[in-house]
Each structure stands twice: as C-alpha cells, then as structure tokens.
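To start, the structure under review is shown below, and the notes come after it.
Start at 1 and go down the list; that is how both ligands and their atoms are numbered.
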Amino acid sequence: CKNSSSCLRQVSRWENQARQRERRLNELERELLEKSSRVESLHRQLDDGHRQLEESKRRQEEAELKLSLRLQEYEEELARQAAMPPRVKYVTQTVEVESADSQRALVELQTKNAGLQEQLSVQSQLLRELETQLHQSQRTCAQLRTQILVYEGEMERAQGQLEVEMQNLEEEKNRLIEEAFIRAEIEMKAVHENLAGVRMNLLSLQPALRTLTCDYNCLKRQVQEFPFMLDKAITEAKQEICQVISEVSTTNQELLRKYKREMNLRKKCHNELVRLKGNIRVFCRVRPVCLVEQDSVDSKAMLSFDSEDDAVLYLSNKGKMMTFDLDKVFPPQATQEEVFQEVQSLVTSCIDGFNVCIFAYGQTGSGKTFTMEGAVDNPGINQRALRLLFSEVTDKAPDWDYRISVSMVEIYNETLRNLLGENPSNKLDIKMNPDGSGQLYVPGLTEFTVQSPKDINRVFELGHMNRATACTNLNEHSSRSHALLIITVSGFNSATGNRTQGKLNLVDLAGSERIGKSGAEGSRLREAQCINKSLSALGDVINALRGRHAHVPFRNSRLTYLLQDSLNGDSKTLMMVQVSPLSGNMSESVCSLKFAQRVRSVELVPSSSSSRRLENSSTSSSPTHDSLDSPPVTPAPLPISRASSAGSTLSSTSRAPSSTRRRSQSQLSTGTCTLCSTSTRIYVYVCVCMCMCVYIYIYIYIYIYIYTYV
Ligand SMILES: Nc1ncnc2c1ncn2[C@@H]1O[C@H](COP(=O)(O)OP(=O)(O)OP(=O)(O)O)[C@@H](O)[C@H]1O
C-alpha cells in the first residue's frame, strides 16, 4: 500500500512535469506562431517594397522612355535643322527664333527632366533604402528561420524527452500497478488465510465457550454456596483450633515441667562451675612503649609473652625471670576492640541482672585511663560498654522494657564527688537505705537516663567537663583519684511481669605506686596515703572474701564501700592489671602482678541470703537464674531499690523462660492464638472468594469478547 501510494505520488509528479513541459511547448509554439506571423508580415512588407520598387522602376522606365523619345525627337529636329546650311543660320535663327517655344519646351522638358531626375534619385534612394531594408529583412528572416530551426530542434528534443519520460512514467506506472496488484493479491491471500484461521478458531472456541459457560455456571453455584461453606469452614476451623490449643497447652505444660527440671539441673551445674572457676577474672594489659620512651635506656624488653598460652606473662626483674599466670594477657599491640571483645560477655550479663565490676589497676602511666576511657577516636571499655548495653536492650524490645541509668563518681582523698551533678565539687556520702532493707545508697547522686546513643556522648562530655573544672591539672588529678562509671540496667517484662536489675561498675583506679618510690610530700603525700589506703582496703576486702571471713571490711574505704554490692556474692569482677613495659617500672609491675595473682585466686562467696535463695529455688517451682547469661528475675510486685545488693535483688527470684517461650505461653493461655488463627482462616477464605470473583469476571470478559468481535 505504501509502495503504491509512493508510486502514485511519483506518477503525479511526473504528470505535473509533463504538463509543465506541455505548457512550455505551447508557449514555444505560440512564440513560433508569433514569429512566423512576424516573418509573414515582413514578407508581405518585402513584397510591398518589391512591388513599389518595381512600380517606381516601371514609372522611371516610362519617364525615361518618354524623355528619351522626346530627346530623340529634339535631336532629330535639331539634326534636321542643322542639315540646311544657309538656312541653317536662318533656320538657326529661325530655330533660334522658332526655338523660343522649343526652348521653353526644352526648358520645361529639362525642368521636368530635372524633376524626373530628382524623382529618380529619390526613387533610387528609396530603392536603396528598400534594398537595405530588404537585406535587413532577409537577414532577420534568415535569423528567424535559424531560430525557428533551433526552436524546432529544441521542440523536437523536448518532445522526444517528453515522449521518453511519458514512456518511462507509463512503464513505472504499469510496474507500480503490477506490484500493487501483486501485493494486494498477497494481502488478500493472507486475509483469506486469517479468515480461514478465525473460522477454525471460532469452530474450536465454540466448545471452549460451552465449557466456560459450564464453568461459569458451576462457579456461580459455588459462589452462592460459598457463605454456607465459609460458615462451615469457620466452625470446623474453630473446632480444630480449640483442639490444637488444648493439645498445645497440654504439651506446653509438659514441656514447661521438663524445662524447669532441666533448668534446676543446669543452675546447679552452673553454680558448681562458678565455684570451681572463681568469679574474679584477672586480665593483664601491657601498654606499648611511647615514641618519647623509645630511645631511653628504660625501653629494653623486660616482658615477654608465651606464643602458645595467652594467659602467661614472663617478667625479667633484677636478672630474675618471673612467670605470672593470669586469665588473659594482652600484649602491647592489642587493640581496644580486642580488649573489649574479652570483656563484653561480662558487660551484657549486667542486662541479665548480675552485678559486675571492672576495674583497671596499675601504676601511674601504665594505661589505665586509656583502657577504660580511651581516646576520642579510639574509645575504651566505658563508652563501648554503654553502647553495647544500649544496642542489646534495644534488640530485646518490645518484650523487655529496659532503663539504663548512668552515674559518674570520683573518689579523691576519700571524698566522693558527683561528676554528673550541677555542682561537682559537692561532697557525697554513702548511707544506709532508710527503707530498712539494709542496702546502701548515695543521697544526691545524679542518675542520667540514657535513651539514645547521643545521650552516651553527652554523659561522657559532662563527666569529663566536671572532672576538669574541679581541678587545676586534669592529668595529674586523674592519676590521684578513682573514677567510677556506674551503669544500672533495670528491665521489666510486661508479658511475664518479671523484673531484673544489674549494675555495672567501671573503675579507673588511681595510680598504685608506692609512696617511698614516688617520694611524695605534703598534699601529694596525703593523696598517696588515701590512694594506698583505698587500694589496700580493696586488697583486704578481696582477701576476706577469699578467706570466707565472717566480716568483710567493705567500710574501710569509700571505694570498697561503694563497690560493696558489686564485689559481694555472685557478682562478677574483672581486674585489668595495667603494666608498663619500661625496665625502670619493673618493680612496680611486679607488685601489681603479684596483687593481681592474689586477687585471681579469690572466689566471691554468695551471700547467705543468696545461698538460701538458691537452695529454695532448687526446690521451688520458680527457680533462680539459669545460666551465666540468663537473668535472675524478680516478680512484678517487688519494688526495685536503686542501691539494692545482688543478694537482696535475688531474694525472691523466679526463673524467666526465654522470651519466645514466655510469649507463646501467655498467648496460648489468653486465646490470642485462636483468634489469630480464625482471622487467618477468614482472611484466606475471603482471598479465595475474591480470586473466584476475578476468575468469573475474566470468563465473562472473554465470553463477551468472543461474541462481539469473533
Ligand atoms: N594500649 C595503649 N596503646 C597506646 N597508647 C597507650 C596505651 N596505653 C597507654 N597508652 C598511653 O600511655 C600514656 C599513659 O596512659 P594513661 O594515662 O592511660 O595511664 P594511667 O595509668 O591512666 O595513668 P594515671 O594513673 O596517671 O591516670 C598515655 O599517653 C596513653 O595514651
């Protein structure tokens, strides 16, 4: 179709061209006619000129003839008169006398002759002009003839071209018509074939249509029956669900019973394990040699590590090689991440309701602050612990609702300062809780509730700022004071009503160097005495705990008094002994490591109340904490005391099953599961119904389509 239309366009173009050429030919013919008429008129003019010329010639000849005749007459007369001599004179006279008339006549004739001569010359002139004109006309005529010949040639050529083009066009037209005809035939054939296919389809669709109609009727019936089916299915589903619930609750009861029995067993094993292993861990971290110390004589390698045992440290002091067995030794190249990885299980156990105490011990400059606080771009245990706790409790939501509160305290010269308070220079006191629970609390101590990671930064910024404003030289001051970060994590499970409370104490102790060596005097001496007093009190407390003494001297220093609930009973304690690698510090390092080894051998004794509770729990249906990482939980009605010890917190604990188990139990007992399943069933039925409707709609659509178009 496209080809034929383009061919038609071409034919019409060629026709236009032919018409234009025809017009041009007509114009040329017209011009030729004009020119031939002009030639004819010129011929006529020429003929007229010829005729005139001949006329004038004839007239001239006549006049000449007449004149010559007259002249001849006169000459004859003259000759005659001359032939008579005497008389000639006479005659001459006579002639002269007589010739007056003749002479007049002669004059007249001469005048006439002159006039005729004149006429003749005019006629000759005219003749010449006419001849010139004739020549010109002949030339023009010749030119015109040449032009006519040229035009005729052109015309013949144009006519030839036109004929050729006309012939070409005719051929092209015929070709296009033939092509169009062939195409039309092919298309026609295809249409015929399609028609045949459609007819075939129609024939084959008719049974399909019958099937569809049948299906449609069937579906229609089903849709009509659907509400009854749905009701029936819902009733059946309800019955099934009730049956399943009763089965599940029976199984659940059985599982719960078995679970409790297993947990009791596990708790006993765990307690045994804790007793065997001891719940005080001692790590050692050797700080690297600083750049400024590298050239000094002190920087000789006095410490060496066992490549196969990461719990052994070898120290060469005064030519003597000493071996220290600890729980873990971090070499100088250990990163903050690696250190934190080792302590993070202790940190998270605080979420489970344990009291944890991590303290960094060592001489000044051994890296205590670096390990606990770290640098801005490389934070230490404090920040990492708080962030970890925050992310862990966020993960446990919404089953558990946790509250993390933070306090920051500094003990300087046996004085307690509130580092998050508005006035950090105010002294705080440790008092017995007036509620008669026998627990300690610190009146006026600021507790900052952490609700986002941003709060964590604010806490550290505020604590650091308050510590800096309270002293003139922060570095010096920090070496002479103990810094405590106290994190309390309280949890409440709204599904079970269980409560937990754990406390994490992160302590950066003051430098442990001996007074004799530091050579302190005056206020420095008092500082050193206070530090040594608190550190030796810490040693005494640990010794008393190790010896299971009836009396543990917690009150001998502010530090031990404040940490009482985190050192007592089944609390977990980690001591990070910081060691300087310099040879000049080796004797201090030996003291620190010896103290650490003593501490390592101490086992924290569960308080009597706690032991009692553990005994009770093994027989009661609500057991106590089930593992190192599972929480000792308190039933909902019991209020939480902020300064409560681990013992009192554990006084009426009940074992908390895992959150999933708890949730499934409560859901089953309230029937939420039943409702949930029923609504799911209804939802499924509605979906099926909708699918059927869509199906029916499609069938109807196809049906209408076939009947309308096919
Ligand atoms: N593991 C380490 N890696 C790199 N540098 C460290 C490391 N431990 C300590 N340092 C650096 O050693 C120097 C002393 O450390 P730090 O102040 O932590 O010691 P300290 O025991 O807290 O001293 P003080 O008792 O006086 O507060 C600091 O400049 C610290 O950056």
Side-chain angles (χ1 to χ4, degrees), residues 283-296 298-299 301 303 305 310 313 328-343 358-384 408-413 417 419 460 463-464 467-468 470-485 506-515 517-520 523-524 527-532 534-535 538 559 575-593 595-596:
F283 291 176
C284 171
R285 187 178 191 186
V286 181
R287 78 155 168 85
V289 178
C290 303
L291 278 177
V292 284
E293 298 162 347
Q294 264 168 5
D295 299 333
S296 78
D298 263 6
S299 66
L303 297 165
F305 306 88
D310 63 358
L313 177 70
K328 172 98 188 162
V329 177
F330 294 102
Q333 62 275 15
T335 61
Q336 298 282 64
E337 286 86 12
E338 284 164 6
V339 172
F340 186 69
Q341 220 141 50
E342 290 296 323
V343 300
I358 300 175
F359 53 88
Y361 177 89
Q363 72 176 116
T364 299
S366 57
K368 297 184 294 296
T369 312
F370 186 84
T371 297
M372 297 311 286
E373 282 181 22
V376 181
D377 53 343
N378 192 11
I381 293 173
N382 289 6
Q383 273 210 42
R384 287 172 198 267
M408 246 191 219
V409 174
E410 180 192 65
I411 303 173
Y412 177 69
N413 280 353
R417 288 212 175 95
L419 289 182
F460 286 108
H464 197 261
R467 205 170 180 202
C471 61
T472 45
N473 183 342
L474 181 67
N475 280 342
E476 218 171 80
H477 179 83
S478 75
S479 352
R480 317 310 316 152
S481 61
H482 309 297
L484 283 88
L485 178 72
L506 301 166
V507 191
D508 177 8
L509 291 172
S512 63
E513 63 272 18
R514 287 162 298 172
I515 304 167
K517 194 191 170 199
S518 65
S523 64
R524 292 298 299 272
E527 279 174 354
Q529 280 169 343
C530 287
I531 292 164
N532 279 7
S534 58
L535 292 179
L538 184 65
L559 177 72
M575 182 160 134
M576 182 70 78
V577 182
Q578 292 287 149
V579 173
S580 161
L582 304 182
S583 57
N585 293 332
M586 274 314 118
S587 53
E588 278 301 335
S589 300
V590 169
C591 285
S592 301
L593 287 165
F595 178 72

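Near Lys368, the atoms of ligand 1 lying under 4.0 angstrom from a non-hydrogen atom of the residue are 18 (O), 19 (O), 20 (P), 21 (O), 22 (O), 25 (O). Interface of Arg285 with ligand 1, defined as ligand atoms under 4.0 Å from a residue heavy atom, comprises 1 (N).
Screening Arg287, Gln578, Met576 for a side-chain contact (heavy atoms from CB on, under 4.5 Å) with Phe330, the sole residue that qualifies is Met576.
Of all the heavy atoms of Gln363, the ones lying under 4.0 Å from any atom of ligand 1 belong exclusively to the backbone.
Residue contact annotation: Gln336 has no non-hydrogen atom under 4.0 Å from ligand 1. For Pro288, the heavy-atom gap to ligand 1 drops under 4.0 angstrom.
Which of Phe370, Phe330, Tyr361 comes nearest to atom 7 (C) of ligand 1 through a heavy atom is settled by distance: it is Phe370. Distances from atom 22 (O) of ligand 1 to the heavy atoms of Thr369, Val289, Thr364, Ile531 show the closest one on Thr369.
Look at Arg384 and Glu337 and you find a salt bridge, because one of the NZ, NE, NH1 or NH2 atoms lies within 4.0 Å of a carboxylate O, short of that distance.
Taking 4.5 Å as the limit, some side-chain heavy atom of Asp310 sits within range of a side-chain heavy atom of Lys328. A 4.5 Å side-chain heavy-atom check between Val343 and Phe283 finds at least one atom pair inside the cut-off. Contact of the Met372 side chain with the Leu506 side chain is registered, since non-hydrogen atoms from C-beta on lie closer than 4.5 Å.
When only interatomic distances are considered, the shortest N/O to N/O separation between Gly367 and ligand 1 falls below 3.5 Å. Close N/O approach between Cys290 and ligand 1 is not found [any backbone or side-chain N/O within under 3.5 Å].
Between the Lys368 side chain and the Ala360 main chain, no donor and acceptor come within less than 3.5 Å of each other.
Using modelled atom types, one finds no donor on one side chain facing an acceptor on the other under 3.5 Å when comparing Ser580 with Gln363.
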